[in-house]
> 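Pasting in a structure now, in structure tokens, and then I'll have a few things to ask.
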Amino acid sequence: MKTLNAALIGGGAIHSCHVIALRQMPGVTLRALADINSEVGLKLAMAYQCRFYQDYQEMLLDDEIDVIHICTPHFEHKRMILAALAAGKHVFCEKPVGMNGGEITEIAHAAQNAAGLLGVCYQNRLNPTSQRIRRELAEGEMGKMLSIKAVLTWSRSGAYYTESPWRGRFATEGGSLLINQAIHTLDLMQWFAGGVTRLKGVVDSGELADVTQAEDSAMATLHFTNGARGLFYATNCHTTDSPLLLEIHCENGTLQLCDNALWRLCNGERVKLVSDASTNGVAKSYWGLGHQHAIGNFYAAIQNPEKADYTDIREAGKSINLVEAIYRSSQIRQWIEINQQ
Ligand SMILES: NC(=O)c1ccc[n+]([C@@H]2O[C@H](COP(=O)([O-])OP(=O)(O)OC[C@H]3O[C@@H](n4cnc5c(N)ncnc54)[C@H](O)[C@@H]3O)[C@@H](O)[C@H]2O)c1
């Protein structure tokens with residue numbers, strides 16, 4: 001198996017989840033890190049004993065680099081993905097892959113014509129609880145799905161937005177709560193139900209209105225392809241990061257994700273099926289613990305493209321569609337039909 005050289009663009013909050021994952025993978029070397037903030041970048045590169053670049057374009061000229069990890073603000077994703085693919089690299093990008101449908105179309109076109117693969121980090125799909133939900137639903141014993149309820153109540157302080165001023169702005173983040181935090185929840189809901197046909201939603205800003213231009217809270221009703229209904233509420237205005245509460249009500253019982261554990265409620269019994277336990281103690285539990293798994297799957301696909309099992313641009317685009325539809329619905333106060341590809 002070929003040794004793969006990895007490089008990161010962006011050394012901010014999320015980058016360490018990538019580094020931890022890469023360091024635990026056999027046959028993978030962290031070769032370089034790029035960050036426009038040279039003070040931050042140099043310090044990290046010294047700690048990781050890798051090369052440092054202030055200009056990521058210069059880093060892309062290094063023929064020894066196989067995979068580029070993009071861990072930068074949202075408005076940089078499209079530009080960086082296109083540049084890295086054009087340089088012949090494989091790309092693993094943090095969510096959201098782009099900020100809107102127009103960007104997704106452009107990125108999808110580039111990915112289709114590129115030699116390298118493009119993977120997107122939706123690590124929560126790989127949580128043991130998520131995997132078990134998919135299995136329970138596929139096995140069919142729960143019966144027809146009737147509804148999914150999801151409640152995400154997280155906490156973001158004013159400092160979170162002022163320390164990284166690209167956050168909370170449409171121009172640089174593409175929105176706020178929906179496109180950054182709640183996108184994982186929307187992705188899981190549509191993934192469990194097999195797609196969304198229409199939705200009606202509303203976004204608003206309250207507690208964080210002084211520090212964000214975009215929404216700090218949102219709710220939506222979704223109609224899924226399988227006929228079930230989705231009820232979604234999310235906010236960044238809680239005082240702590242509560243674990244996602246998600247319930248899937250089916251004809252024969254309910255699957256309940258609560259405190260990072262999955263329960264099956266059936267015939268008056270509540271049985272614990274599986275829980276999302278931390279494997280390395282470093283990743284924050286509310287981000288999910290699947291970075292290592294998601295990155296591992298992507299590298300396995302590079303080594304063996306026939307057995308590819310990672311979130312590609314087509315899958316990643318689905319939750320962006322939903323985010324955009326909720327913003328639009330909130331503006332015009334109407335149901336939005338979802339164009340499912
Ligand atoms: N998967 C998850 O659960 C998860 C969790 C948190 C963040 N994220 C995603 O990770 C990405 C980064 O978020 P963050 O919170 O780490 O951001 P951050 O603001 O903490 O860090 C961004 C870093 O990128 C650097 N940067 C900005 N522009 C650059 C450029 N042109 N070239 C090189 N470096 C540049 C900044 O200097 C900074 O160090 C976002 O897409 C975010 O949505 C994902």
Side-chain angles (χ1 to χ4, degrees), residues 1-33 44 47-50 64-72 77 80-81 84-85 88-97 111 114-135 138 183-184 187-188 191-192 244 260 262 274-316 318-319:
M1 224 191 299
K2 180 183 180 307
T3 295
L4 292 169
N5 289 317
L8 259 67
I9 315 181
I14 199 61
H15 93 282
S16 59
C17 291
H18 292 247
V19 173
I20 289 164
L22 292 170
R23 284 180 152 179
Q24 291 181 15
M25 286 163 58
V28 175
T29 308
L30 176 60
R31 182 170 168 92
L33 180 142
L44 291 172
Y48 302 147
Q49 299 194 317
C50 69
E64 295 298 313
I65 295 174
D66 302 289
V67 190
I68 298 288
H69 291 240
I70 298 178
C71 301
T72 54
H77 289 186
M80 289 174 171
I81 291 168
L85 289 176
K89 312 298 185 194
H90 301 286
V91 179
F92 188 75
C93 186
E94 266 299 345
K95 51 44 64 173
V97 61
L117 301 180
L118 169 61
V120 186
C121 193
Y122 279 89
Q123 77 279 3
N124 289 331
R125 286 188 178 203
L126 299 163
N127 289 345
T129 51
S130 303
Q131 294 283 316
R132 183 64 185 261
I133 288 172
R134 289 269 294 186
R135 209 175 86 202
I183 196 166
H184 287 295
D187 178 60
L188 289 178
W191 188 53
F192 293 148
L244 170 67
N260 298 316
L262 180 67
V274 68
S275 76
D276 294 328
S278 170
T279 47
N280 56 23
V282 176
K284 293 190 189 177
S285 63
Y286 62 92
W287 283 346
L289 302 160
H291 268 87
Q292 195 170 338
H293 202 157
I295 292 168
N297 281 1
F298 185 66
Y299 277 70
I302 293 171
Q303 298 284 14
N304 191 351
E306 275 98 69
K307 289 200 178 155
D309 180 17
Y310 63 94
T311 305
D312 61 12
I313 177 72
R314 192 172 162 274
E315 276 297 302
K318 292 176 180 174
S319 43

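Quick caveat: nothing in here was measured; it's all calculated off a predicted structure. What's counted below: heavy atoms across the whole structure, side chains too, no hydrogens, waters or symmetry copies.
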> Show your reasoning for whether side chain to side chain donor-acceptor pair (under 3.5 Å) applies to Asp276 and Thr129.
CA-CA 6 Å; Asp276 294 328; Thr129 51; 2.6 Å; yes

> Please name the pair of heavy atoms, one in Ile68 and one in Ile65, separated by the smallest distance, quoted to 0.1 Å.
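Smallest heavy-atom distance, with atoms named: CD1-CG2, 3.8 Å.
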
> Once you round to the nearest 0.5 Å, how far does OH of Tyr48 lie from OG of Ser16?
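Rounded to the nearest 0.5 Å, the OH-OG separation comes out at 6.0 Å.
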
> Heavy atoms, side chains only, cut-off 4.5 Å: are Met80 and Val91 in contact?
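Result no, sub-4.5 Å side-chain heavy-atom pair not found.
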
> How long is the span from the CG atom in Leu44 to the CG atom in Leu8, to the nearest 0.5 Å?
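One finds 9.0 Å between CG of Leu44 and CG of Leu8.
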
> Of the non-hydrogen atoms in Leu118 and Tyr310, which two are nearest, and what is the gap between them?
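Shortest heavy-atom separation between Leu118 and Tyr310 comes out as O-CE1, 3.2 Å.
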
> Check Val28 against Ala6 and note the closest heavy-atom contact, atom names and distance.
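Shortest heavy-atom separation between Val28 and Ala6 comes out as CG1-CB, 4.4 Å.
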
> Nearest 0.5 Å, what's the CG-SG distance between Leu33 and Cys50?
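Rounded to the nearest 0.5 Å, the CG-SG separation comes out at 5.5 Å.
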
> Mind checking side-chain hydrogen bond (donor to acceptor under 3.5 Å, both in side chains) for Thr72 and listing every partner two or more places apart, or none if nothing turns up?
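With neighbours one apart ignored, the set is empty.
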
> Can you see which heavy atom on Leu117 is nearest to which on Phe298, and at what distance?
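Closest approach of Leu117 to Phe298, heavy atoms only: O-CZ, 3.6 Å.
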
> Looking at Ala316 and Thr311, what are the two nearest heavy atoms and their distance?
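Ala316 and Thr311 have their closest heavy atoms at N-CG2, 3.9 Å.
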
> Quick one: CD on Gln131 to CG on Leu262, what's the gap to the nearest 0.5 Å?
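With rounding to 0.5 Å, CD (Gln131) is 12.0 Å from CG (Leu262).
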
> What I'd like to find out is whether the side chain of Lys95 reaches to under 4.5 Å of the side chain of Asp187, using heavy atoms alone.
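In short, these two side chains do not touch, never coming nearer than 4.5 Å.
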
> Yes or no on side-chain contact (heavy atoms from CB on, under 4.5 Å) for Gln292 and Met25, after CA distance, side-chain angles and deciding distance?
CA-CA 9 Å; Gln292 195 170 338; Met25 286 163 58; 5.6 Å; no

> Would you compute the distance between atom OG1 of Thr29 and atom CD of Glu64 and round it to the nearest 0.5 angstrom?
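Rounded to the nearest 0.5 Å, the OG1-CD separation comes out at 10.5 Å.
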
> Apply side-chain contact (heavy atoms from CB on, under 4.5 Å) to the pair Lys318 and Trp191, showing each step before the final yes or no.
CA-CA 9 Å; Lys318 292 176 180 174; Trp191 188 53; over 6 Å; no

> So Arg135 and Arg132, side-chain contact (heavy atoms from CB on, under 4.5 Å) or not? Walk me through it.
CA-CA 5 Å; Arg135 209 175 86 202; Arg132 183 64 185 261; 3.6 Å; yes

> Which residue is it: His90, Lys89, Lys2? I am looking for the one with a side chain to side chain donor-acceptor pair (under 3.5 Å) to Asp66.
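For Asp66, the side chain to side chain donor-acceptor pair (under 3.5 Å) test succeeds with only one of His90, Lys89, Lys2, which is Lys2.
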
> Could you report the tightest heavy-atom contact between Leu126 and Gly290, atom names first, then the distance?
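Between these two residues, the closest heavy atoms are CD1-O, 4.3 Å.
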
> For His18, what residues pass the side-chain hydrogen bond (donor to acceptor under 3.5 Å, both in side chains) criterion, not counting sequence neighbours?
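Listed in chain order: His69, Glu94.
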
> Taking only residues two or more places apart in sequence or in another chain, which ones pass side-chain hydrogen bond (donor to acceptor under 3.5 Å, both in side chains) with Asn5?
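side-chain hydrogen bond (donor to acceptor under 3.5 Å, both in side chains) check on Asn5 returns nothing, list empty.
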
> Does any N or O in the side chain of His77 come within less than 3.5 Å of the main-chain N or O of Pro96, such that one atom is a donor and the other an acceptor?
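It does hold such a pair.
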
> Does the side chain of Glu315 reach to within under 4.5 Å of the side chain of Tyr122, using non-hydrogen atoms?
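Side-chain contact under 4.5 Å: no.
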
> Rounded to the nearest 0.5 Å, how far does CG of Asn124 lie from CD1 of Ile183?
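Here the interatomic distance stands at 11.5 Å.
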
